2 protein chains.
Amino acid sequence: MSDLTIGDVARESGIKINTIRFYEDRGLLPAPPRSAGNRRLYDPAAVARLRFIRHARELGFGLPAIADLLRLAGHPEAPCAAADAIARQQLAEVEARIRSLSALRAELQRMADCGAGSTADCHVLESLGDHSLCAGPHES
Amino acid sequence: MSDLTIGDVARESGIKINTIRFYEDRGLLPAPPRSAGNRRLYDPAAVARLRFIRHARELGFGLPAIADLLRLAGHPEAPCAAADAIARQQLAEVEARIRSLSALRAELQRMADCGAGSTADCHVLESLGDHSLCAGPHES
DNA sequence: GCTTGCTCCTCCAGTGACTGGAGATGTTAC
DNA sequence: GTAACATCTCCAGTCACTGGAGGAGCAAGC
């Protein structure tokens, strides 16, 4: 009936088969029951869980953060503060990246616009070498 | 004179010693001359180059893209026609990156706006779950 | 000259988050 | 029955580092 193979789940979640097994290994997805022939048999809820993981990955969350999020999702009575903090931390990082990229884009646009001249007056190196242009997010 | 050790360069550029050697190995930094005792002796220009690399890495560029950028910025005499294509290609990449990061930011902002309560009425997990909320996953 | 303590050298293994392949087995269609 | 495909486990490789082992260079103090 609603038993899905790993291939079905991969198609529906948009996550590759090997990656699904990898997530299982990392504890993000519970190990599903197996068929007589040792194939994984998934519950449709696994698709939702994988879509959750995929979306979180696209948003830049690391697997440990996603594991936290999933644990919180499993305990709806828990305070929201922890999930909120994770999101806020990501947000700060994303905003810093956008600021830095906007500065770089300006320089690249200048270069692309430089017409018949040389690159001598392009300031990409300065732009990227200058600390003051970025919000200086060291590591994540 | 102005010969710097790898430690000096690491301190001034904010890149770790091992990473500097790694960049040398990958061809992003030219192999510097050595002292009698086999230590690397850097020119101050190496610091600028490393700061450039560091910043570009923080912006999410891969090492091959950074090599392109360095070639572009490091040859001011190069005819613009040759540089133009690289610049435009990098620009397209930067713009795509900004677009996806902006979408991401909107979502994280929405997520971070969750009112203080329990995860039951927190939107973080809902927005990450897309439409198919991770409603009551049997244990975490 | 000797020791202490730091820096630096090379080489190699490990990380995170996958990705892809080998070789074997299960399942399905004709 | 057999061909084609899906899946299994295990393992190696990717990228961009990071850290450690084991050894050598070097400057200062005794």
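A, B, ... follow the sequence lines: proteins, then strands. Residue 1 opens every chain. Computed from a predicted structure; not experimentally measured.
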* **Span of DNA chain D, from the first to the last nucleotide whose atoms fall under 4.0 Å of chain A heavy atoms** => D:dA6 to D:dT9
* Whole-Å distance separating the CD1 atom of B:I17 from the P atom of C:dC11 -> 17 Å
* OH of A:Y42 to CG of A:D3: how many Å apart, nearest 0.5 Å? -> 11.5 Å
* B:I6 CD1 to C:dC6 C1', straight-line distance once rounded to whole Å -> 16 Å
* **Rounded distance (Å) that lies between atom P of C:dC18 and atom CZ of A:R26** => 10 Å
* Closest approach of A:S13 to A:R51 (non-hydrogen atoms, all atoms of both residues) -> CA-CG, 4.0 Å
* Asked: Would you say A:P44 and A:E12 make side-chain contact, with heavy atoms under 4.5 Å?
  -> no
* Asked: Among all residues two or more places apart in sequence or in another chain, which pass the side-chain contact (heavy atoms from CB on, under 4.5 Å) test with A:A92?
  -> none
* To do: Starting from C1' on C:dC9, measure out to CD on B:E24 and report it in whole angstrom.
  => 12 Å
* To do: Examine B:L41 and B:I15 and state if one hydrophobic cluster contains both, with Ile, Leu, Val, Met, Phe, Trp and Tyr joined whenever side-chain heavy atoms are less than 4.5 Å apart.
  => no
Below 3.5 Å, can you tabulate the donor-acceptor pairs from side chains in residues 17-29 of chain B to any protein atom, sequence neighbours excluded?
{"from": "B:N18", "atom 1": "OD1", "to": "B:R21", "atom 2": "NH2", "distance (Å)": "3.1"}
{"from": "B:E24", "atom 1": "OE1", "to": "B:R40", "atom 2": "NE", "distance (Å)": "2.8"}

Just the atom pairs and distances: protein N or O near nucleotides 21-30 of chain C's N or O, under 3.5 Å.
{"from": "C:dG26", "atom 1": "O4'", "to": "A:R39", "atom 2": "NH2", "distance (Å)": "3.3"}

* Below 4.0 Å: OP1/OP2 of C:dA17 and any side-chain N or O of A:Y23 -> no
* To do: Could you tell me which residues satisfy salt bridge (charged side-chain N to carboxylate O under 4.0 Å, His left out) with B:D43, sequence neighbours excluded, listed by chain and number?
  => none
Can you list, pair by pair, the side-chain donor-acceptor contacts under 3.5 Å of residues 58-69 of chain A, counting residues two or more places apart and other chains?
{"from": "A:E58", "atom 1": "OE2", "to": "A:R54", "atom 2": "NE", "distance (Å)": "3.1"}
{"from": "A:D68", "atom 1": "OD1", "to": "A:R71", "atom 2": "NH2", "distance (Å)": "2.4"}

